[in-house]
Protein chains: 2
Amino acid sequence: MSLPHAILTALLEKPSSGLELTRRFDRSIGYFWSATHQQIYRELGRLEAEGHIRALPAEQPARGQRKSYEVLPAGRAELARWTAAPQDPRPHRDPLLLRLRASAVVGTAGLREDLLRHLDLHRRQLAEYEEIRRRDFPPGRDAPEDRLRHLVLRAGIDLETFWTQWLDRALAEFDEMGEAQVTDGAGRADGAGDTSARAPEDSAS
Amino acid sequence: MSLPHAILTALLEKPSSGLELTRRFDRSIGYFWSATHQQIYRELGRLEAEGHIRALPAEQPARGQRKSYEVLPAGRAELARWTAAPQDPRPHRDPLLLRLRASAVVGTAGLREDLLRHLDLHRRQLAEYEEIRRRDFPPGRDAPEDRLRHLVLRAGIDLETFWTQWLDRALAEFDEMGEAQVTDGAGRADGAGDTSARAPEDSAS
DNA sequence: TAGACCATGTAACATGTTACATGATTTG
DNA sequence: CAAATCATGTAACATGTTACATGGTCTA
């Protein structure tokens, strides 16, 4: 239920064509709500059908011609409604944590390299956010809109900081485990294995 | 591509029926890969069809009868393969950050209460994780599997810590903005509004 | 024996992903 | 004018969500 509202926000900030939106989703908005161009075109169609946006009049016809959209009053009202309505936090879904947990059962083979790769990616993302911060939020601006957007950016910075720190620690643990490491993996995929590998968390009642 | 692997991990830790899995997904595994019972039953069916798991023989017939599953060698091998294979981090999707950004354009009405509510929810989750940590990871255990699972738990703890801190700060900002607050919202949904509300991040290139 | 809950499922739909198609514009 | 790239889309599929259905077991 969020993609249309992400698009409405982006269009209110600046009327755009589908491709422009796609590019902006690769930069700013997409940092916390990503979308592919297929999703965006599909959603633009729906939003137009619902009367929330309209194509800017510029006598452009069919395929291959760019088409810009702007938000209509009904769209703005819908966005305001959605923003004000309470919403529960959505549950996390993180494959990397899942793989780590799986590795406690089937072995850590291959994982370390990918942790390193992720660490690098998160460091780059962090650097990118900090560059944006330097550029767009110099000390002393405090229009409410700037404060709100700065707050969002700080969430991104703090999240990436968390990941880099956590991955550092994870890698340190991997190194400490050293030889004692569970490198089993497919080695005994013959299934004669123990099923005693219960995870502690499940011990709860 | 992760749900089947989450289920394989859970079943390796302990063979279970669909409902038992559902409950465990509400507790431990589900903290970083949630799933409803419908998803779980659908996926159990597929995993069985693929020969990755099998129902434990216990002459239980049709509907309404519990059916336990265990992982077969092929399933364990598939899990090991998946765990070792590199995977890119998936992009974030966070409606709350989106709403905050939208509020820079359509007003902050209603948001503060929901931030408070989220703060409360994250504090509770944090307390729950710390309770699990006290119970299951007393100092001095260092079997590799425990270390790996502890690492995962710490990611949960650190993430919830991040959210509580960030929400604290966000609420402080809201209070500072005070009267100057953008409480507009539907107030001028007549659409005569400014479209000059460009977000700084978009100024790139 | 009626109602609550346990346990497994079906169906319909919404959202997200991947692969491909098509016309327009630019550039060598 | 051929090839690359821009811009908009279609189709098929995978995943996730919501609402409901069905039979079994327990308890007042």
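Basis for what follows: all heavy atoms, side chains included, without hydrogens, waters or symmetry-related copies. By convention in this document, chain letters (A, B, ...) are assigned in the order of the sequence lines, proteins followed by strands, and residues within each chain are numbered from 1. Owing to the predicted nature of the structure, the values given are computational and were not obtained by experimental measurement.
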Is there a side-chain contact between [X] and the phosphate of [N], meaning an N or O under 4.0 Å from OP1 or OP2?
X	N	value
Q39(A)	dT17(C)	yes
R23(A)	dA7(D)	yes
Y41(A)	dT8(D)	yes

Which of the following nucleotides, [options], is nearest to the side chain of [X]?
X	options	answer
R93(B)	dG9(C), dC6(D), dG16(C)	dG16(C)
L19(A)	dA7(C), dT8(D), dC20(C)	dT8(D)
H37(B)	dT8(D), dG9(C), dC6(C)	dG9(C)

Checking the side chain of H52(B) only, and the main-chain atoms of R46(B) only, is there a donor and an acceptor separated by less than 3.5 Å?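 Flag not set: sc H52(B) to bb R46(B) has no pair under 3.5 Å.
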
Please tabulate, one pair per line, each protein N/O and nucleotide N/O from nucleotides 12-14 of chain C that are separated by under 3.5 Å, including the distance.
none

[N] [atom2] sits how many Å from [X] [atom1], rounded?
X	N	atom1	atom2	answer
L3(A)	dT17(C)	CG	P	10 Å
Q87(B)	dT17(C)	CD	P	13 Å
L44(B)	dT15(D)	CG	P	15 Å
D26(A)	dA7(D)	CG	P	14 Å
Q38(A)	dA19(C)	CD	P	11 Å
L21(B)	dA7(C)	CG	C1'	13 Å
E48(B)	dG9(C)	CD	C1'	14 Å
I40(B)	dT8(C)	CD1	C1'	12 Å

Looking only at side-chain N and O atoms, does S2(B) offer a donor or acceptor that is under 3.5 Å from a partner on R93(A)?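 Per modelled atom types, R93(A) and S2(B) side chains form no pair under 3.5 Å.
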
Nearest 0.5 Å, please: how far is CG in L98(A) from NE2 in H5(B)?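 CG of L98(A) is found 9.0 Å from NE2 of H5(B).
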
Restricting to salt bridge (charged side-chain N to carboxylate O under 4.0 Å, His left out), what partner residues turn up for [X], sequence neighbours left out?
X	answer
R117(A)	D114(A), D88(B)
R154(A)	E173(B)
R169(B)	none

Residues two or more places apart in sequence or in another chain: which of them pass side chain to side chain contact (heavy atoms under 4.5 Å, CB included) with S17(B)?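 Checked S17(B) against side chain to side chain contact (heavy atoms under 4.5 Å, CB included); matches are L19(B), E20(B), R66(B), S68(B).
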
Using the rule side-chain contact (heavy atoms from CB on, under 4.5 Å), only one of L56(A), L11(A), L8(A), I7(A) pairs with Y69(A); which is it?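 In the set L56(A), L11(A), L8(A), I7(A), the residue that makes a side-chain contact (heavy atoms from CB on, under 4.5 Å) with Y69(A) is L11(A).
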
What does S17(B) touch in the nucleic acid at a heavy-atom separation under 4.0 angstrom: a base, only the sugar-phosphate, or nothing?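 The answer is sugar-phosphate, as S17(B) gets under 4.0 Å only of primed atoms, P, OP1 or OP2.
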
S16(B): which of R24(B), K67(B), E70(B) passes side chain to side chain donor-acceptor pair (under 3.5 Å):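 Only one option passes, and that is R24(B).
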
Five-pair end axes of the helix from dT1(C)-dA28(D) to dG28(C)-dC1(D) and the angle they enclose, rounded to 10°: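 Nearest ten degrees gives 0° for this helix.
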
Mapping E20(B) and R90(B) to their closest nucleotides on DNA chain C, which lands nearer the 5' end?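 The residue whose closest nucleotide sits nearer the 5' end is E20(B).
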
Can you find a heavy atom in the side chain of L153(B) that is under 4.5 Å from one in the side chain of D136(B)?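 Not in contact.
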
Residue whose nearest DNA chain D nucleotide is more 5′ - Y69(A) or S34(B):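 Its nucleotide being nearer the 5' end, the pick is Y69(A).
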
